[in-house]
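Heads up: the structure comes next, in structure tokens.
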Amino acid sequence: MKIVTWNVNSLKVRLPQVVNWLEANQPDVLCLQETKLQDEFFPVNDIAALGYQSLFIGQKTFNGVALLSKQSGTDAVTAIPNWEDEQKRVLAATYGDVRVICVYVPNGESVESDKYQYKLKWLTALKEWLGKELQQYPRLAVLGDFNIAPEDRDVHDPELWKDQVLCSEPERNAFRELLSLGLADSFRLFEQPEKSYTWWDYRMLAFRRNRGLRIDHILLSNALAGNCKSCVIDKEPRKLERPSDHTPVVAEIA
DNA sequence: ATGGCATGTTACACATGA
């Protein structure tokens with residue numbers, strides 16, 4: 001089973017790239033973040049033409065997540081249960097015996113911002129929910145844009161980013177709390193190239209200079225992590241014209 | 001040192017992202 005996460009930064013703009021990527025890579029489930037589409041505008045037919053089904057929950061202008069899959073998902077959940085949130089940031093569904101949860105963690109803006117407090121509260125709510133999901137679904141994968149670089153080796157310049165949003169200790173603690181539920185950062189199950197990142201700023205030639213962060217992750221429950229064969233970052237789409245600022249992350253599970 | 005770039009809006013600048 002091949003599962004993927006990709007923050008596309010507008011599915012309207014990136015649809016041709018997503019279509020090409022799906023055709024070339026044939027994942028079983030592709031999790032998208034920042035679709036920035038209201039549900040009535042979701043390109044269901046373009047996706048269906050490739051043999052993929054769509055689940056999605058979106059809103060105008062911001063956020064929005066989707067699951068594109070070869071087989072249909074069941075038991076879809078479109079929000080963190082019992083937690084008030086205007087923003088469309090999570091989508092869960094079951095594919096065979098694998099529970100897949102797509103997340104778009106709030107950015108936080110800066111550690112001084114109200115949005116940072118919202119981010120930390122959101123992560124607490126996510127943890128509580130994931131704990132329950134793990135009990136119900138031992139074969140659980142949580143994929144998405146976590147907007148957290150877990151360790152200094154996930155940051156091109158740790159000194160520059162020290163205590164900044166995406167790298168601050170409270171955020172890294174929240175990430176470790178998710179792992180403590182019994183989830184593994186699948187990327188770190190394998191030997192990886194140094195300076196591996198999933199996001200680069202559009203400005204200052206950041207991609208060319210590899211000034212990036214690893215903030216998009218695939219977390220796997222123990223039952224899945226033991227069968228994980230690979231986890232790789234696909235940098236190719238970041239090289240295209242009009243790329244998303246994030247790259248896909250791909251995990252293969254036996 | 002606070003720039004720079006991309007996206008969406010009902011706009012002809014601003015908010016948001018990371």
Side-chain angles (χ1 to χ4, degrees), chain A residues 5-18 21 31-43 56-66 85-90 102-123 126 143-175 187 195-217 233 235 237-249:
Chain A
T5 180
W6 191 6
N7 179 325
V8 290
N9 185 19
S10 170
L11 183 54
K12 183 180 170 186
V13 173
R14 229 66 66 198
L15 182 60
Q17 292 183 22
V18 171
W21 198 91
C31 304
L32 301 178
Q33 302 88 38
E34 286 206 88
T35 55
K36 301 187 178 180
L37 286 177
Q38 294 174 95
D39 291 347
E40 55 264 44
F41 303 128
F42 199 91
F56 44 87
I57 180 74
Q59 64 186 96
K60 198 172 184 176
T61 312
F62 303 120
N63 308 315
V65 285
D85 193 2
E86 299 291 307
Q87 305 186 19
K88 308 303 186 190
R89 294 182 173 278
V90 301
C102 175
V103 302
Y104 176 45
V105 176
N107 167 286
E109 190 179 34
S110 73
V111 295
E112 298 84 14
S113 168
D114 291 344
K115 293 176 192 166
Y116 181 78
Q117 295 305 321
Y118 164 68
K119 179 179 193 174
L120 294 179
K121 286 181 189 147
W122 197 96
L123 285 162
L126 177 67
L143 305 81
D145 176 359
F146 286 75
N147 270 315
I148 301 172
E151 301 176 32
D152 279 352
R153 61 177 165 163
D154 302 312
V155 182
H156 67 90
D157 186 343
E159 280 310 305
L160 181 68
W161 282 87
K162 184 177 168 53
D163 298 326
Q164 302 293 311
V165 74
L166 315 186
C167 299
S168 73
E169 272 312 307
E171 292 164 87
R172 287 179 168 178
N173 275 329
F175 188 82
F187 189 73
K195 305 184 194 307
S196 288
Y197 310 123
T198 65
W199 170 85
W200 300 259
D201 200 299
Y202 284 121
R203 297 164 289 188
M204 306 193 303
L205 305 172
F207 182 65
R208 241 176 56 185
R209 300 157 71 190
N210 199 27
R211 296 173 63 82
L213 304 175
R214 191 177 70 92
I215 57 177
D216 301 88
H217 307 298
I233 296 165
K235 288 172 74 169
R238 191 64 175 79
K239 302 172 183 172
L240 301 172
E241 290 287 315
R242 280 192 101 180
S244 169
D245 42 357
H246 296 252
T247 56
V249 183

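Quick caveat: nothing in here was measured; it's all calculated off a predicted structure. Convention: sequence-line order gives letters A, B, ...; per-chain numbering from 1.
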- Task: Over 60° means perpendicular and under 30° means parallel, so classify the ring planes of A:Phe146 and A:His217, tilted if in between.
- Result: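 Tilted, since the angle between the ring planes falls between 30° and 60°.
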
- Task: Evaluate the ring planes of A:His246 and A:Trp199, with Trp represented by its six-membered ring, and classify them as parallel (under 30°), tilted (30 to 60°) or perpendicular (over 60°).
- Result: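 Ring orientation of A:His246 relative to A:Trp199: tilted.
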
Distance check, [atom1] atoms only: [N] and [M], in whole angstrom units.
{"N": "B:dT7", "M": "B:dA18", "atom1": "P", "value": "13 Å"}
{"N": "B:dA6", "M": "B:dT10", "atom1": "P", "value": "23 Å"}
{"N": "B:dA1", "M": "B:dC14", "atom1": "C1'", "value": "24 Å"}
{"N": "B:dG8", "M": "B:dG3", "atom1": "C1'", "value": "23 Å"}

Could you check how far [atom1] of [X] sits from [atom2] of [N], rounded to whole Å?
{"X": "A:Arg209", "N": "B:dC5", "atom1": "CZ", "atom2": "P", "value": "12 Å"}
{"X": "A:Lys60", "N": "B:dT7", "atom1": "NZ", "atom2": "P", "value": "19 Å"}
{"X": "A:Leu11", "N": "B:dA6", "atom1": "CG", "atom2": "C1'", "value": "16 Å"}
{"X": "A:Tyr197", "N": "B:dA18", "atom1": "OH", "atom2": "P", "value": "18 Å"}
{"X": "A:Glu112", "N": "B:dT2", "atom1": "CD", "atom2": "P", "value": "16 Å"}
{"X": "A:Met204", "N": "B:dG3", "atom1": "CE", "atom2": "P", "value": "12 Å"}
{"X": "A:Lys12", "N": "B:dT9", "atom1": "NZ", "atom2": "C1'", "value": "11 Å"}
{"X": "A:Gln38", "N": "B:dT10", "atom1": "CD", "atom2": "C1'", "value": "14 Å"}

- Between A:Thr61 and B:dT7, does any side-chain N or O lie under 4.0 Å from OP1 or OP2?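 False: A:Thr61 side-chain N/O out of range (4.0 Å or more) of B:dT7 OP1/OP2.
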
- B:dA18, B:dT7, B:dT10: which one has an atom nearest the side-chain heavy atoms of A:Leu213?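 Per side-chain heavy atoms of A:Leu213, the pick is B:dA18.
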
- Item | Proximity to the side chain of A:Val13 - top-ranked nucleotide from B:dA18, B:dG8, B:dT9 |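 Closest nucleotide among those given: B:dG8.
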
If you restrict it to nitrogen or oxygen atoms, what contacts under 3.5 Å exist between nucleotides 11-17 of chain B and the protein, and what is each distance?
| from | atom 1 | to | atom 2 | distance (Å) |
| --- | --- | --- | --- | --- |
| B:dT16 | OP2 | A:Lys115 | NZ | 3.4 |

- Message: Does A:Arg211 reach a base, just sugar-phosphate, or nothing at all? Heavy atoms under 4.0 Å.
- Response: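 Result for A:Arg211 = nothing.
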
- Message: Just to be sure I understand the rule, does A:Leu205 reach a base, reach only the sugar-phosphate, or reach nothing, if contact means heavy atoms closer than 4.0 Å?
- Response: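 A:Leu205: no heavy atom of the nucleic acid under 4.0 Å.
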
- Item | For A:Tyr197, all residues meeting ring pair (Phe, Tyr, Trp, His ring centres under 6.0 Å), sequence neighbours excluded |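 For A:Tyr197 there are no ring pair (Phe, Tyr, Trp, His ring centres under 6.0 Å) partners, ignoring immediate neighbours.
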
- Contact check, side chains of A:Val111 and A:Asp163, non-hydrogen atoms, under 4.5 Å: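 Answer no - side chains too far apart.
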
- Can you find a heavy atom in the side chain of A:Lys36 that is under 4.5 Å from one in the side chain of A:Asn9?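 Yes, side chains in contact.
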
- Query: Counting only heavy atoms not in A:Glu169, do more than 12 sit closer than 6.0 Å to its CD atom?
  - Reply: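 Count over threshold, so yes.
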
- Message: With a 6.0 Å cut-off (strictly less than), is the heavy-atom count around CD of A:Glu241, excluding the residue itself, greater than 12?
- Response: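 For A:Glu241, atom CD is not crowded (no more than 12 foreign heavy atoms under 6.0 Å).
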
